[in-house]
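What follows is a short report on a single structure.
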Amino acid sequence: MAPRVIIRIQANAFDAAKETDALSSHHDDVGAISTFIGYCRSEGGRLAALELEHYPGMADDEIKRVVDQALQRWPLSAVSVIHRFGVMKPGDGIVFVGTASSHRAEAFAACEFLMDYLKTQAPFWKKEHRADGTVGDWVEAKAEDDAAAARWKINV
Amino acid sequence: MAPRVIIRIQANAFDAAKETDALSSHHDDVGAISTFIGYCRSEGGRLAALELEHYPGMADDEIKRVVDQALQRWPLSAVSVIHRFGVMKPGDGIVFVGTASSHRAEAFAACEFLMDYLKTQAPFWKKEHRADGTVGDWVEAKAEDDAAAARWKINV
Amino acid sequence: MTELKLVYFAWVRERVGVADEQVDVPSAVVTVEDLARWLSSRDEGYASAFENPKLVRAAIDHVHAKPHDPITGAREIAFFPPMTGG
Amino acid sequence: MTELKLVYFAWVRERVGVADEQVDVPSAVVTVEDLARWLSSRDEGYASAFENPKLVRAAIDHVHAKPHDPITGAREIAFFPPMTGG
């Protein structure tokens, strides 16, 4: 059976529960599902919101490329990647990644790989909105994110 | 704030959606949630069910010990471990593990650590019920599961 | 003589033939390994359960134990195959 | 001269002052790096956007590109800071 792939870039909130169910629903030999949800944080009350800008045409293409790499590398029966753009409040989900496989090691590895690559390759940028009402800085990329992506030794 | 810990050993099905929500609900500085769900598989139609036997007193104690190790090792705001016993049909969830942290690397590592240790340390045993109506074998432990647990270099 | 509760799981339980029992253990039985050997001598079911000692794990009062661990002071000792949960 | 669509994101967009534009690029501009240098010479906004070339990434027709990649045949070139999604 061909893997079931869901890729969505949207302004609306996602329902992590529904997305998790969708990963197992078309197949009764799924043994393992790994999911990851990334949230907007207040950074200890400092932030009122994060604004996510994205490059519409490229975001979809780039996520497809990363998902294709994951499908080539691990035997996955389903992959979902949902990434939001726009203004998020602390506690709002920004990204959902889920993978389904027969065994746990593959599901975990693929899920972590997808997150590491989304962080460094997907064209999204976060701008801070401070709790004091001022517009803050653009979030800076972290060297540790590049290191996390580099350990998979794949050029996407 | 003290981490929120949920450990349950139960015969009933769990609701992965509700359990995932519980990981983020008490805190607005959760940046990352990693979840894992392990399912009963049909093994390509060979199995009608898996029967999980457990050691009631020890299962709870052992999972508590493993969760304590995870809390000492990673800065987690919430951990949930739910493990079922009894008869499961293909597609039924057997185990749910979820971790919440500020950052994704910690959430992923703790979630995978918990699963590796549950597999090799928690007193549960699976017996196969074959699709042809006969009772099958006890599932044998895998050397790869011991190897997966050993890479964390922790004695629980 | 020490009074002990023994519990068995999975195929160890099936081969021994009971899920739990109270036993009076002779004082010469000091370690987990001694206990397994002493049980093996009781009948064919026990002998079959413990025939490959590498495949039988033990716990003393809910804590994983090694073959050389002493059973002194234990209230409940469990024998079972390698775990396959998760 | 080559006609190209340029798009800018995040603080590169803010410094340049526009989100996108059509430009006629002189034929001496061959690589991504050449293009960035040529844009920098246009005004202070562009100069500020490209002042630290290590902090500006590029994509050619939605694919990540390196400074030495040729822009020949490109329809849309994007400049942006290192990504911070996920």
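This one's a predicted model, so the numbers in the text were calculated from it and none came from an experiment. Lettering follows sequence order; numbering is per chain, from 1.
- Here A:Ala13 pairs with A:Arg84 under the side-chain contact (heavy atoms from CB on, under 4.5 Å) rule; sequence neighbours left out.
- Taking B:His129 as the reference, B:Ala49, B:Glu51 meet the side-chain contact (heavy atoms from CB on, under 4.5 Å) condition, with sequence neighbours excluded.
- The minimum heavy-atom distance linking A:Tyr39 with B:Ala32 is given by the pair CD1-N, 4.2 Å.
- Interatomic distance, A:Ile33 CD1 to B:Phe96 CZ, rounded to the nearest 0.5 Å: 11.0 Å.
- Side-chain contact between B:Phe108 and A:Cys111 is present, with heavy atoms from C-beta onward closer than 4.5 Å.
- Within residues 100-107 of chain A, the residues having any heavy atom less than 4.5 Å from a heavy atom of chain B are, in residue-number order, A:Ser102, A:His103, A:Arg104.
- Residue contact with chain A, scored on non-hydrogen atoms closer than 4.5 Å, involves the backbone and the side chain of B:Asp116 alike.
- In this structure, A:Ile37 and B:Thr20 have side chains that are in contact, with non-hydrogen atoms separated by less than 4.5 Å.
- Within the 4.5 angstrom heavy-atom criterion, no atom of B:Lys89 approaches chain A.
- Chosen from B:Ser34, B:Gly38, B:Gly31, the residue pairing most often with chain A at heavy-atom distances under 4.5 Å is B:Gly31.
- Residues of residues 139-148 of chain A lying under 4.5 angstrom from chain B, judged on non-hydrogen atoms, are A:Lys142, A:Asp145, A:Ala148 in numerical order.
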